[in-house]
**Q** 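My questions will all concern the structure given below.
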Number of protein chains: 4
Amino acid sequence: MSTTWDVDPAPSGAGGRALTNRGVRTRTALLEAAEAVFAEHGYHDASIVKITEAAKVAQGTFYLYFESKQQVFDELVRDLNRRVRHAMRERSDQGSTRAERERLGFRGYFEFVAEHPALYRIIRQAEIVAPDILREHYERISIGYVEGLRTAMAAGEIGEADPEVVSWILMAIGEMVGARWVLWGESDTVPDDVFDQVMGFVERGLATRGDA
Amino acid sequence: MSTTWDVDPAPSGAGGRALTNRGVRTRTALLEAAEAVFAEHGYHDASIVKITEAAKVAQGTFYLYFESKQQVFDELVRDLNRRVRHAMRERSDQGSTRAERERLGFRGYFEFVAEHPALYRIIRQAEIVAPDILREHYERISIGYVEGLRTAMAAGEIGEADPEVVSWILMAIGEMVGARWVLWGESDTVPDDVFDQVMGFVERGLATRGDA
Amino acid sequence: MSTTWDVDPAPSGAGGRALTNRGVRTRTALLEAAEAVFAEHGYHDASIVKITEAAKVAQGTFYLYFESKQQVFDELVRDLNRRVRHAMRERSDQGSTRAERERLGFRGYFEFVAEHPALYRIIRQAEIVAPDILREHYERISIGYVEGLRTAMAAGEIGEADPEVVSWILMAIGEMVGARWVLWGESDTVPDDVFDQVMGFVERGLATRGDA
Amino acid sequence: MSTTWDVDPAPSGAGGRALTNRGVRTRTALLEAAEAVFAEHGYHDASIVKITEAAKVAQGTFYLYFESKQQVFDELVRDLNRRVRHAMRERSDQGSTRAERERLGFRGYFEFVAEHPALYRIIRQAEIVAPDILREHYERISIGYVEGLRTAMAAGEIGEADPEVVSWILMAIGEMVGARWVLWGESDTVPDDVFDQVMGFVERGLATRGDA
DNA sequence: AATGAATGAGAGTTCATTCAT
DNA sequence: TATGAATGAACTCTCATTCAT
């Protein structure tokens with residue numbers, strides 16, 4: 001079920017040129033440094049100097065691997081998207097019932113946020129800095145959701161509803177709760193009682209009219 | 001029930017000094033210009049030059065009324081917060097049943113977004129540029145919600161649940177749906193079928209277990 | 001007979017904005033500094049830092065008055081063009097016979113080169129850096145020549161010939177002799193014997209067939 | 001009559017080391033690439049990357065054959081000088097009378113310019129980039145002229161005059177007319193009427209007083 | 001109250017050259 | 001002989017802020 005954009009592209013240099021092993025290492029170092037720096041300072045206050053310093057390479061080296069500051073950012077957002085989706089899918093696959101998979105998926109998402117607060121902030125900046133890629137990001141997560149929702153509806157496990165709308169609602173909840181209780185909160189994860197409240201709301205929202 | 005931060009503060013100059021009538025006019029012009037410029041270019045690409053040009057004053061004049069670029073931005077976000085809450089409350093007050101008020105509140109929010117897409121973008125930038133004020137923004141909206149939810153729960157109109165968690169869920173849904181169907185969408189408002197789907201989910205989520 | 005491009009344009013800032021007295025002074029300082037720096041280092045090795053240092057202003061100040069390095073250069077070339085033509089015309093106007101005016105014009109040109117070797121080098125660079133403006137430069141000088149040549153032909157003082165072609169020949173000679181004997185030469189001016197040789201060639205070249 | 005600097009020097013590597021066949025091929029490729037790149041972009045905007053890309057070798061390879069960017073440029077100018085002189089001489093040798101040789105020489109020069117506009121631009125840049133070599137360039141052409149002029153004077157074919165001065169005048173005319181009518185002009189060569197005008201001026205200029 | 005000239009640090013980016021393989 | 005990664009200084013240009021009038 002994996003689509004083309006799930007595939008991790010082979011790393012290449014700024015002109016699309018192939019890389020030696022050494023080149024791959026440097027590129028990775030730069031990408032990781034960029035991730036950290038963007039997260040800490042935000043897109044605009046992240047500078048190439050800071051990134052190259054963090055990667056321990058000279059300024060010019062940056063441009064051997066990326067065409068511009070914007071380009072690394074874009075790549076980072078796409079990369080993050082792949083990783084979030086992977087994390088969620090991996091977790092939810094372990095559940096045996098539909099509801100359990102739902103819970104595990106959310107848990108997986110919150111854990112991901114807790115582990116990569118850096119990346120979370122990057123996504124949020126994309127609204128201004130790379131709007132197209134942000135939409136792509138949401139679309140992709142949405143598509144994954146829609147699939148599962150359709151199956152569950154067909155099986156009568158959840159009520160009939162427009163799966164696309166529902167998918168955006170679920171994303172919304174995940175993102176906001178993640179921000180409020182993981183990023184801004186004091187604890188490292190969404191507290192159990194809050195999590196239960198959230199899942200309660202979601203389950204009722206998804207339920208066939210008349211049960212829940 | 002209005003709290004202190006609901007009150008529109010009397011405008012003052014950069015040093016907190018009182019303003020003449022002329023001063024008030026200039027300040028207002030600058031604030032409006034800033035709003036437009038921040039919305040169009042984003043925080044970082046908005047420059048003082050652009051703002052003062054739009055306000056038709058000299059560059060130096062800016063600093064007679066604001067201490068820094070950051071400060072105008074903060075003020076703008078706070079101002080926007082007041083306006084959104086006002087718009088929502090005004091609308092929902094016109095409903096007679098709880099569910100109707102809920103619907104009207106959401107409608108009000110989406111209309112506000114449609115009319116002020118500019119301001120919506122400003123809020124989103126605040127995540128990076130003025131995180132404290134952004135949290136303040138959400139908290140205030142949350143508090144308004146919580147009030148209403150508590151009353152409704154007491155009246156048995158909706159199910160028992162942690163009203164704070166629910167309030168954040170409602171905000172999440174409003175914001176994401178607003179972005180997806182109003183800002184990025186082709187239409188000027190959330191299409192009726194989508195709106196119904198959203199409200200359906202919300203009503204089920206809020207419902208007492210066993211009804212809906 | 002002065003044309004529009006002979007008129008010295010009122011100095012203005014980068015955005016075309018009007019200048020205060022102080023502004024005019026700074027602009028002039030920058031222009032003079034640019035002239036010196038371009039001449040000494042050539043277009044590419046002339047840097048804004050060097051120019052602003054020479055003008056004793058901060059780097060940013062440069063951009064209050066000029067939009068780019070290229071723009072100052074263009075302006076400088078145009079300015080120089082005005083000055084060369086003025087110098088030549090002024091000198092040649094003092095002559096009483098046609099041949100004398102010819103000699104005085106050349107003398108004026110060589111003197112100008114001797115006094116402004118800086119500007120001479122700037123012109124030469126224009127070939128690469130601002131080719132359109134360079135052609136403009138030659139065209140304007142040519143036009144001035146053509147006028148005088150036509151009159152002289154009508155009066156039978158020189159032979160019939162295409163005045164435009166002749167004008168380019170005269171420019172060519174002036175420029176090359178100026179480079180060879182003034183700029184690269186040891187003396188500060190074209191030695192008398194060389195000058196006489198040059199004028200001899202020119203006079204014969206201009207002469208009506210059969211005399212000289 | 002050929003002098004030492006007419007001899008095409010055996011190609012060698014950066015340290016003056018001898019080259020294998022393969023080395024010679026690489027070096028030639030670089031030189032040709034450099035010619036094209038300098039001509040298209042000008043000295044400063046020509047980069048080693050562009051040159052090595054055009055030559056299809058790696059960046060580092062450049063420095064196996066040349067010590068610096070400047071050095072290739074110098075070599076290119078010298079090479080060009082050889083070729084222009086060769087082209088002119090070859091053409092003028094075909095004439096039977098002195099005047100005919102004169103015409104053919106000019107024609108040859110203009111044709112060369114038309115065929116190698118690229119190289120023409122390189123020469124012009126040398127004024128700033130490699131002034132000494134530019135003077136060398138003119139000197140060499142001048143010397144060739146002087147020879148011929150002296151012979152013609154001795155034979156009474158042209159008037160007595162300082163042959164050096166005359167040679168610079170002739171170069172001046174060739175260069176300017178070439179620029180004006182070949183490079184900037186619409187046609188591929190100097191139009192016949194212009195050419196006749198030019199040669200008329202030159203012949204009169206060279207003539208013994210009293211004839212022409 | 002208002003102007004606009006001036007500042008200067010810092011941004012992203014380029015490029016001739018060197019070095020390790 | 002050839003590669004291509006790495007360097008780092010230098011470049012042009014922007015902009016929030018201050019200052020003199």
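As the structure is a prediction and not an experimental result, all values here were calculated from the model. Within every chain, numbering begins at 1; the chains are lettered A, B, ... in the order of the sequence lines, protein sequences first and strands thereafter.
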**Q** Do the non-hydrogen side-chain atoms of Glu136(C) and Asn81(C) ever get within less than 4.5 Å of each other?
**A**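 The answer is no, as the side chains (C-beta and beyond) never meet within the 4.5 Å cut-off.
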**Q** Would you say Arg22(A) places a side-chain N or O within less than 4.0 Å of OP1 or OP2 belonging to dA6(F)?
**A** yes
**Q** Please collect all ring pair (Phe, Tyr, Trp, His ring centres under 6.0 Å) contacts where either partner lies in residues 17-39 of chain D, sequence neighbours excluded, each pair once.
**A** Phe38(D)-Tyr43(D), Phe38(D)-Phe73(D)
**Q** Within the structure, does a side-chain N or O atom of Thr61(D) lie under 4.0 Å from either OP1 or OP2 of dT3(F)?
**A**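 Yes, within the criterion.
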**Q** Once rounded to the nearest 0.5 Å, what's the spacing between atom OH of Tyr63(C) and atom CD1 of Ile48(C)?
**A**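 Going from the OH atom of Tyr63(C) to the CD1 atom of Ile48(C) covers 4.0 Å.
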**Q** Is there a Watson-Crick or G-U wobble partner for dA20(E) with both distances under 3.5 Å, and if so, which one is it?
**A**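 The base-pairing partner of dA20(E), which may sit in any strand shown, is dT3(F).
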**Q** Please tell me which of Tyr65(C) and Gly23(B) maps to the more 5' nucleotide of DNA chain E, matching each residue to the nucleotide holding its nearest heavy atom.
**A** Gly23(B)
**Q** Measure the distance from CG on Leu64(C) to P on dC13(F) and round it to the nearest whole Å.
**A**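 Nearest whole value for this atom pair: 14 Å.
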**Q** Could you give the distance from CG (Leu76(A)) to CZ (Arg83(A)), rounded to the nearest 0.5 Å?
**A** 8.0 Å
**Q** Taking all non-hydrogen atoms of both residues into account, name the closest pair between Glu35(D) and Ile122(D) and its distance.
**A** O-CD1, 3.8 Å
**Q** Whole angstrom is fine here: how far is it from NZ in Lys50(A) over to C1' in dA11(E)?
**A**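 That distance rounds to 10 Å.
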**Q** Can you tell me the distance, in whole Å, between the OH atom of Tyr63(C) and the P atom of dG8(E)?
**A** 17 Å
**Q** In whole angstrom, give the distance that lies between atom CD of Glu53(C) and atom C1' of dT7(E).
**A** 15 Å
**Q** Contact class for Phe66(B) (heavy atom, under 4.0 Å): base, sugar-phosphate, or nothing?
**A** nothing
**Q** Whole angstrom is fine here: how far is it from NZ in Lys69(B) over to C1' in dT17(F)?
**A** 12 Å
**Q** Check whether Lys56(B) reaches the backbone of Ala29(B) with its side chain - one donor and one acceptor, N or O, closer than 3.5 Å.
**A**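 No, Lys56(B) side chain to Ala29(B) backbone: no donor-acceptor pair under 3.5 Å.
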**Q** In terms of side-chain heavy atoms of Gln59(A), which of dT3(E), dA10(F), dA6(E) is nearest?
**A** dA10(F)
**Q** Using heavy-atom distances to pick each residue's nearest nucleotide on DNA chain F, tell me which of Gly60(A) and Glu67(C) is more 5'.
**A** Gly60(A)
**Q** Scan residues 24-48 of chain A against DNA chain E and write down, sorted by residue number, each residue with any heavy atom closer than 4.0 Å; if none is found, say none.
**A** Ala46(A), Ser47(A), Ile48(A)
**Q** Tell me the interatomic distance from Asn21(C), atom CG, to dG4(E), atom C1', rounded to whole angstroms.
**A** 13 Å
**Q** Give the rounded distance in Å between these two atoms: CZ of Phe62(C) and C1' of dC15(F).
**A**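 For the pair Phe62(C) CZ and dC15(F) C1', the rounded distance is 17 Å.
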**Q** When both hydrogen-bonding distances must be under 3.5 Å and the geometry is Watson-Crick or G-U wobble, what is dC15(E) paired with, if anything?
**A**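 The base-pairing partner of dC15(E), which may sit in any strand shown, is dG8(F).
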**Q** Which value, rounded to the nearest 0.5 Å, describes the distance between Leu31(C) atom CG and Asp79(C) atom CG?
**A** 6.0 Å
**Q** To the nearest angstrom, how far is Lys56(A) atom NZ from dT7(F) atom P?
**A** 13 Å
